[in-house]
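Notes to accompany the following structure.
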Amino acid sequence: MLGAVLLLALAIQVGSGALLLLHYTPDPERAFGSVQTIMWDVPFGWLVRLVHVHGASLAIALALVHLGFVAVRGAYKPPRELVWMSGCVLLLLLVAAAVTGYVLPWSQLSYWAVTITTSAVGEIPWLGELLVRVLRGEESVGAAALRRAFGAHVVVIPLLLLGLLATHVLCVARAGLAGLPERRGGEPPALGRRAGSLGLDYALWATALLLALSTLVFFAPKLGVPSAAFEPADPLTTPLDLTTEWYVLWAHTLLRILPAWLALLLQALLVLGLTALPFLDRGPSRRPADRPWVIAALAGLAAGLALLTLVGALA
Amino acid sequence: MLEGLGAVGAALLGAPVLRALLPPPSPPESREAAISAEEISIWDARLLLVDGRPAILVHTPEGYAAFSAVCTHLGCTVRWRRWSQELFCPCHGGRFGLDGRVIGGPPREPLRRLEVESTGGRVVVRSI
């Protein structure tokens, strides 16, 4: 059900993004100004932009909750391995879309996020230097990096998202909705789906999403947005209070406490391990009580990420 | 046979795609920057652009010292912290001494030292 609401969140992102494209200029000299024009001069531009900014955060939050439900319910087990794996890659693409998105205003946050991210990629043995040149498009961070982020955000990532989303939905259609795990002794779950309850569930979740989005847009427009996002890029000055969006804060903290190559290795292992979960947890039962180690590992992972995020927010 | 042709085709297609992704040669940037000696008092620092990259010039009682201001950890611009007389990186907390050596935080390499020349009331910083 959360997956279907996530589709609504993505539709909101596509719609608001298309409107923003009408006024945005992907040029370092003019990008920040064009975003200011959207916020202050374009009729309802502020609304469209804030919906796009907070919609991205909510889409990622929804995807994480969706992933958590699926993992705890063991809904990644056969015949739904492909559903899970495509879902994990979809989450990665969502984060990539969000990260390339906050590069576009060419604010201090944008500039230093590109600098740090591409420098971290440069630490990858053998391939790092080549990848940095591909990502930046020139020796230092500048116009080419902004154009590349723009291309990735509006063409490459949406196309990949669309293709993978179609695969994900097709896999769900083939395997069917997982529902709740069986009870002890293989009996069907106590709270089985009633006819019409899916529609009600969807309406409730969709209303919750729209309420959360409206609350953020109208009552807390700056919530979760780092202060560096409100200043134009200055390649000579790294802001003192530089932080990043909440969904990548844990990775930022890892870079602070570990050598970059080790932080990247841990991130890669985390993504690979999570994606390969159906092959690591091969038992037939979906009941959480029958999978204590998997549930403990997932809880440990969630707690670890939350702790790293908290440390990053407080540092 | 078909596999071989496929491999040749992929190579023929892949090479130009990769080349198009890589940056074209960039025009050379100025390898030096200069400021008036009056602009920088003792225990003060100034950020300059040398070779297209940020550089930091520090004025100590012993003279001038200049370094690349690009943190060797992940590329942020270091700042001068007057009260502790060190260069520090706001991104991940890297700290460097007045000789450019790492004195704290995640960086492993020292800051790159630049050449400084002070003549006729002007301080010139050059990329080595």
Side-chain angles (χ1 to χ4, degrees), chain A residues 108-109 111-123 127-145 147-148 151-152 156 227-228 233-244 251-264 311-312 315, chain B residues 14-31 33 35 45-57 67-83 87-96 102 104-109 111 125 127:
Chain A
Q108 280 285 66
L109 174 68
Y111 185 87
W112 296 105
V114 177
T115 302
I116 293 171
T117 310
T118 52
S119 299
V121 168
E123 296 286 316
L127 276 177
E129 208 171 308
L130 179 74
L131 288 174
V132 172
R133 294 178 72 203
V134 168
L135 289 171
R136 289 185 177 173
E138 55 196 343
E139 293 304 320
S140 50
V141 175
R147 281 196 299 271
R148 281 165 196 232
V156 180
S227 56
D234 177 2
L236 270 183
T237 314
T238 304
L240 285 173
D241 55 349
L242 187 68
T243 182
T244 187
H252 189 74
T253 310
L254 273 183
L255 285 172
R256 182 187 285 265
I257 57 180
L258 295 174
W261 66 269
L262 186 55
L264 288 177
V311 169
Chain B
V17 168
L18 181 64
R19 193 60 199 90
L21 283 171
L22 291 173
S26 50
E29 305 262 2
S30 169
R31 293 180 68 83
I35 62 166
R46 283 283 178 276
L47 279 166
L48 309 162
L49 263 184
V50 177
D51 218 0
R53 304 267 173 134
I56 192 158
L57 173 69
F67 305 93
S68 161
V70 179
C71 178
T72 53
H73 178 223
L74 291 175
C76 296
T77 304
V78 296
R79 287 184 174 219
W80 168 239
R81 193 183 260 168
R82 190 180 177 140
W83 59 268
L87 298 157
F88 83 105
C89 176
C91 287
H92 303 101
R95 291 160 54 227
F96 303 88
V102 180
R108 284 172 293 169
E109 302 288 324
L111 290 176
V125 178
S127 182

Under 4.5 Å from any heavy atom of chain B - which part of A/Ile257:
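Nothing of A/Ile257, per the 4.5 Å heavy-atom cut-off to chain B.
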Proximal component of A/Ala144, with respect to chain B [non-hydrogen, under 4.5 Å]:
neither
Derivation and outcome, side-chain contact (heavy atoms from CB on, under 4.5 Å), residues A/Thr238 and B/Cys89
CA-CA 8 Å; A/Thr238 304; B/Cys89 176; 5.8 Å; no
Least distance between heavy atoms, A/Pro235 atom then B/Pro54 atom
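Closest pair (atom of A/Pro235, atom of B/Pro54, distance): O-CG, 3.8 Å.
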Smallest separation among heavy atoms of A/Glu139 and B/Arg53, with atom names:
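For A/Glu139 versus B/Arg53, the nearest heavy atoms are O-NH2, 3.4 Å.
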Which distance, rounded to the nearest 0.5 Å, do you find between the [atom1] of [X] and the [atom2] of [Y]?
| X | Y | atom1 | atom2 | result |
| --- | --- | --- | --- | --- |
| B/His92 | A/Leu242 | NE2 | CG | 8.0 Å |
| A/Ile116 | B/His73 | CD1 | NE2 | 9.0 Å |
| B/Thr77 | A/Asp234 | OG1 | CG | 8.0 Å |

Intermediate values then yes/no, side-chain contact (heavy atoms from CB on, under 4.5 Å), B/Leu74 and A/Trp112:
CA-CA 10 Å; B/Leu74 291 175; A/Trp112 296 105; over 6 Å; no
With chain A as the partner, which of B/Gly75, B/Pro106, B/Cys76 has the greatest number of non-hydrogen pairs under 4.5 Å?
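Between B/Gly75, B/Pro106, B/Cys76, the count favours B/Cys76.
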Scored by heavy-atom pairs under 4.5 Å with chain A, the best of B/Pro90, B/Gly94, B/Gly93, B/Pro107 is B/Pro90
B/Leu48, part contacting chain A, at a heavy-atom distance under 4.5 Å:
backbone
Side chain of A/Arg148, backbone of B/Leu21: donor and acceptor closer than 3.5 Å?
yes
Are the side chain of A/Arg256 and the backbone of B/Gly105 linked by a donor-acceptor contact shorter than 3.5 Å?
no
Of all of A/Gly122, A/Pro259, A/Pro239, which one pairs up most often with chain B through heavy atoms under 4.5 Å apart?
A/Pro239
